[in-house]
Each structure stands twice: as C-alpha cells, then as structure tokens.
Number of protein chains: 2
Amino acid sequence: MLSNSSKYAIKAVLYLALNSSEEKRVMVKNISTAINVPQAYLAKLLQELSKERIISSVKGPKGGFFLSSLNLQNTLMDVIDVIDGKKRLNSCVLSLEKCDLDKPCPLHNIISPVKHKFIYNLQNKTIKDFSLEIKSGISFLPL
Amino acid sequence: MLSNSSKYAIKAVLYLALNSSEEKRVMVKNISTAINVPQAYLAKLLQELSKERIISSVKGPKGGFFLSSLNLQNTLMDVIDVIDGKKRLNSCVLSLEKCDLDKPCPLHNIISPVKHKFIYNLQNKTIKDFSLEIKSGISFLPL
DNA sequence: GTTAAAACATGATAAAAATCATATTTAAGA
DNA sequence: TCTTAAATATGATTTTTATCATGTTTTAAC
C-alpha cells in the first residue's frame, strides 16, 4: 500500500509540522533520531520533497528543513505522490487492471469503501489539519 | 498491504475454486496462462500452498492441482498467512509499533475501521463463499 | 575571505522480492 | 517395466527497494 519510503516521509513531514517553522529549522540528523529512520536515507527523501517544494530548506550553518505556512497547506497525498508516484495507491487490491464498479474483483467490495475514505482523507486533509489533531491529542506520533 | 505473491496465490486459488475438482485437476501451465502469472513463479507458490494443505495436488500424468471440499472451507487469510506470513496485514499503516486504540497514529482512525472489515472478511468468508459470489455474478475474476 | 555547518547530488552496496532454470520424484498408461 | 507427464525441490538470476558513503555547494559567523 505505502512503501517504507513514504511512511518515513510522512513521519518526517508530520514531525516538521509540529516542530519546525520558518525561523526554527531542523536538521536531518535531529529528525532522523526523533522519528527513528536512518539518517542518510531520510536525507535523500527530504531532498526529493524539498525539490518538489513539499517542504522547505536552507543550506549552510543554522540551516535545516522546515514547513512554511504554504507547505502546511499540502496534503499527505502530495508527499506520497512524490515518493511513491501516483499509481501505487490507486490500483486494485489484487492489481487487476480491469477491476471496477461494473466488474468488481472478489475483494473489491470489501476493501473499496475504506480505501476511498483513506484516499479522500489523504488528499483533502492538509498537513496542518493533521498537526492540529496531534496537538489536540486526537492522534499521536509515537516511534 | 498484500505482496505480489499473495495476490497471485489468491487469484490461483479462486481460479481453482471455480475450475477444478477432485476429478478435474488443473496443471500449473493452464492456471498460469488463465490468470496471467509467470508459470515457474506460480509453481513455487502453489507448491507452498500444497505443502501447507491449503490446496491439493497429485503428481504424474493426469495430475495437477485442485481444491478438495475440505480445501474449499479454507479462507483467503489462510492463503495470505502461508505466502506473506501473519504480520504483514496486521501492522499499522505507518508501521508504528506502538500504534493502537489508545494512542492511534494520525492515519489510524482513517484506515482502521474498514481494515478490520477487510481482515474480518478475509478470515471468515471461505473460499467456497467467494466462488459462489463469482458464480452468481456478484463479483468477477478478470485478468 | 576563511572556516565550518548545513543541504544537495550522485553513486555504491545490501537486502528483499520477484522471476527463471534445472534436476528429482511420482504415478499413469502403454 | 519403460516412457512420459506431471508436481516437487532447490538454487540461480534479475529487479526493486532500502541503505550507506562521499564529494559538492551554499551560507552564516568570525
């Protein structure tokens, strides 16, 4: 469903949503220990996200990664799209090309409703929305 | 969520449910072309399922794979367990160890309800149930 | 301007998943 | 009993994913 890379990227982005700002940049090292993801690997992921303007960064001393208020308007689907590409999430559980409402595969009806809700949320809730939920104790970011 | 291997295995088992019987065995070659999966790879998967008694087989000429009436009582979860192991489906979307009802991760509430429904169906509907649904036109097995 | 701290770029390695190949065993049928 | 058709067993190869390593560029602070 989601690649490891996407999971890492989501965790990192949510971490930044909670712990960074224009003025308070965070460096890979700190993010990686906080969310428990190998540093060099995470660095690569963050660079991709940065290149696609999903997150922000500044080089040099006192530099690091952060989310601008514009970045906070992105969705987790934007993150996933950059890391996994668009196809992965949208394909049928059994990877059947021809599976659709008219000719649903045997697992379609079981999984379809959840998946749509899942995708709907991923592409409609902003990163800011998620961070607010975490701040208010509705959800959590354990390691 | 499901590995490619599991998807292949599920397709093969459902194919057998519809097209085989104690007397009418089907050989890998025919299954593989029917469900569009590489023959040698599928052979390996079927052998694992056979060893675990999820499906039945006889060697030699006129041999092949089939589902006994006992086999038809198995569930797709049995298939998945053999191919992917038990952990894969049950883990959190973000692979967070500590994600649970008490401390749900940000995606937990979005995906949890229907995932449970999915898993419930996988382990409670028999392969026979699925084949009946296909026979009655409720669901389909395209390629 | 020199130094140092950070992201950025690129590529090498390792591990896992998917795929292919080949020899062995079993059983039917002549 | 011999041949042949099938599954079975085993392992090699390829591809993808995950991980590691190292050099380059940018920028703050002195």
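Note that these values count all heavy atoms, side chains included, but never hydrogens, waters or copies made by symmetry. Reminder, nothing fancy here: chain letters follow the sequence lines and each chain counts from 1.
Between B:Ser50 and the phosphate of D:dA7, there is no side-chain N or O to OP1/OP2 separation shorter than 4.0 Å. In this structure, B:Tyr8 does not reach the C:dA18 phosphate: none of its side-chain N or O atoms is under 4.0 Å from OP1 or OP2. Listed pair B:Tyr41 / C:dA21 fails the phosphate criterion, with no side-chain N or O lying under 4.0 Å from OP1 or OP2. For D:dT8, one of the phosphate oxygens OP1 or OP2 lies less than 4.0 angstrom from a side-chain nitrogen or oxygen of B:Ser57.
Listed nucleotides D:dA18, C:dC8, C:dA18 differ in distance to A:Ser5; the shortest reach to its side chain belongs to D:dA18. Distances were taken from every side-chain heavy atom of B:Gln47 (C-beta onward) to each of D:dT8, C:dC8, C:dA4; the shortest belongs to D:dT8. Residue B:Lys44 has its side chain nearest to C:dT19 when only C:dT19, C:dA4, C:dT26 are considered. Side-chain proximity of B:Ala40 to C:dC20, D:dC20, C:dA7: nearest is C:dC20. Of the candidates C:dA7, D:dT10, C:dG29, the closest approach to any side-chain atom of B:Lys62 belongs to C:dG29. Of the candidates D:dT8, C:dC20, D:dA18, the closest approach to any side-chain atom of A:Asn4 belongs to D:dA18. Comparing C:dC20, D:dA18, D:dT25 against the side chain of B:Pro38 picks out C:dC20 as the nearest.
Here D:dT8 presents its P atom at 10 Å from NZ of B:Lys51, a figure rounded to the nearest Å. If you measure from atom CG of B:Leu2 to atom P of C:dA17, you get 14 Å, rounded to the nearest angstrom. For B:Ile55 and D:dA7, the CD1 to P distance is 10 Å, given to the nearest whole Å. As rounded to whole Å, 14 Å separates atom C1' of C:dC8 from atom CZ of A:Arg53. As a whole-Å value, the separation of A:Leu49 CG from C:dC8 C1' is 14 Å.
Environment of NZ in B:Lys103: sparse, with no more than 12 heavy atoms of neighbouring residues, nucleotides or ligands closer than 6.0 Å.
Side chain of B:Asp78 to backbone of B:Thr75: a donor-acceptor contact under 3.5 angstrom is found. Side chain of A:Ser20 to main chain of A:Leu67: a donor-acceptor pair is present (N/O by atom type, distance under 3.5 Å, no hydrogens or angles). With hydrogens and angles disregarded, no donor-acceptor distance shorter than 3.5 Å links the side chain of A:Asn30 to the backbone of A:Val26.
Nearest heavy-atom pair, B:Leu2 versus B:Lys7, reported as atom, atom and distance to 0.1 Å: O-CE, 3.6 Å.
Comparing A:Arg25 and A:Ser6, the nucleotide of DNA chain D nearest to each residue sits closer to the 5' end for A:Ser6. Map B:Ala43 and A:Val37 each onto its nearest nucleotide of DNA chain D; the residue landing nearer the 5' end is B:Ala43.
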